[in-house]
Amino acid sequence: TATLGDAQREALDKVAKALAERPGLTVTIVGESRLESEAEAWKKERLAQLVRSEKRRQAIAASGAASAAGVTVSEGEYATLLKEVYRRADIVKPKNVLGLAKDLSTAEMEALLLASMTVDNDAMQQLATRRGVAVRDYLVGRDVAAERLFLGSPKTASEEASWTPRADLRLAAN
């Protein structure tokens with residue numbers, strides 16, 4: 001994902017403070033992602049989005065009005081929503097003896113849906129960009145002038161063995 005954790009917000013608070021003390025500095029933010037490391041996590045997040053979208057779709061169908069943007073899915077309703085996502089998915093589904101779609105467990109439906117998803121470099125580039133934007137937006141929210149923050153081209157490949165999802169900050173003096 002492109003969300004900031006508590007540790008990242010704490011570190012960015014220090015960066016914001018340092019930038020406030022040095023008005024001549026600018027920052028270029030470069031989001032990073034790595035296909036090899038993040039493909040499975042990306043698929044799981046995409047599946048979670050599909051389940052939330054299904055809940056939103058059902059709420060709109062029931063009330064006729066747009067529902068709130070922040071939809072959460074409880075454990076109790078997850079299986080029902082996943083079954084509907086699976087039913088609507090355009091994937092090859094196992095058939096029973098009569099040729100009808102077979103009833104599957106939640107784990108089996110998840111596995112088939114995840115296996116049908118493909119992750120490409122474009123998805124990783126978008127994720128890297130969202131990470132950079134999340135950092136920039138956080139710093140702007142900490143009163144760092146937007147004119148001092150620049151987004152660099154996202155990086156989607158790293159040779160580091162210990163690579164972790166991140167956004168790199170590069171300082172420059174005016």
Side-chain angles (χ1 to χ4, degrees), residues 1-57 59 66-75 78 81-82 85 89 91 107 110-174:
T1 66
T3 55
L4 299 171
D6 292 336
Q8 290 83 14
R9 284 192 289 274
E10 231 175 80
L12 288 172
D13 286 340
K14 292 175 186 174
V15 170
K17 183 179 179 212
L19 289 172
E21 295 169 357
R22 296 168 188 85
L25 292 179
T26 60
V27 178
T28 301
I29 304 161
V30 178
E32 291 190 29
S33 64
R34 190 173 183 185
L35 182 60
E36 302 82 31
S37 302
E38 299 188 280
E40 288 306 310
W42 186 92
K43 288 178 180 184
K44 289 177 183 176
E45 178 59 28
R46 178 69 184 127
L47 182 57
Q49 288 173 356
L50 290 171
V51 171
R52 287 190 303 270
S53 294
E54 179 58 30
K55 182 174 180 176
R56 192 176 303 114
R57 186 190 71 74
S67 82
V71 175
T72 57
V73 176
S74 70
E75 286 184 37
Y78 179 79
L81 292 169
L82 181 69
V85 167
I91 61 174
E110 283 177 342
L112 284 171
L113 287 166
L114 291 171
S116 73
M117 295 179 189
T118 57
V119 184
D120 58 14
N121 281 330
D122 288 343
M124 290 295 104
Q125 185 127 9
Q126 291 171 9
L127 176 59
T129 299
R130 286 196 316 269
R131 285 182 177 146
V133 169
V135 170
R136 183 198 61 199
D137 291 350
Y138 185 82
L139 290 171
V140 167
R142 292 291 179 248
D143 297 326
V144 176
E147 301 82 45
R148 297 176 61 198
L149 304 171
F150 301 95
L151 283 178
S153 295
K155 288 174 53 177
T156 58
S158 174
E159 300 303 319
E160 291 178 50
S162 63
W163 182 88
T164 57
R166 65 179 173 233
D168 287 335
L169 306 179
R170 298 179 185 152
L171 295 174
N174 285 344

Under the salt bridge (Lys or Arg N to Asp or Glu O under 4.0 Å) rule, what pairs show up with a residue in residues 130-146, not counting sequence neighbours?
Asp13-Arg142, Glu38-Arg131
Nearest 0.5 Å, what's the OG-NZ distance between Ser74 and Lys55?
6.0 Å
Residue pair Pro154 / Thr129: nearest heavy atoms and the distance that separates them:
CG-OG1, 3.3 Å
To the nearest 0.5 Å, how far apart are OG1 in Thr156 and CG in Leu35?
8.5 Å
When you compare the side chain of Val15 with that of Val144, does any pair of heavy atoms fall below 4.5 Å?
no
Distance-only donor-acceptor pairs under 3.5 Å for side chains of residues 21-30, two or more places apart:
unit_1: Arg22; atom_1: NH1; unit_2: Ala18; atom_2: O; d: 3.2
unit_1: Thr26; atom_1: OG1; unit_2: Ala172; atom_2: O; d: 3.4

Mark yes when over 12 heavy atoms from residues, nucleotides or ligands other than Arg9 sit less than 6.0 Å from its CZ; otherwise mark no.
yes
If you measure from OG on Ser33 to CH2 on Trp163, what distance do you get to the nearest 0.5 Å?
6.0 Å
Going by heavy atoms in the side chains, are Leu47 and Met117 under 4.5 Å from each other?
yes
Shortest non-hydrogen pair, Leu12 vs Leu139, comes out as O-CD2, 3.6 Å
Which residues share a side chain to side chain contact (heavy atoms under 4.5 Å, CB included) with Gln49, sequence neighbours left out
Glu45, Arg46, Arg52
Taking Lys43 for its side chain and Ala115 for its backbone only, find out whether a donor-acceptor pair lies under 3.5 Å.
no
Verdict with supporting geometry, Leu113 and Glu110, side chain to side chain contact (heavy atoms under 4.5 Å, CB included)
CA-CA 5 Å; Leu113 287 166; Glu110 283 177 342; 5.9 Å; no
Heavy-atom closest pair, residues Thr118 and Trp42:
O-CZ3, 3.9 Å
If you look at every heavy atom in Val133 and Leu151, which pair is closest and at what distance?
CG2-CD1, 3.5 Å
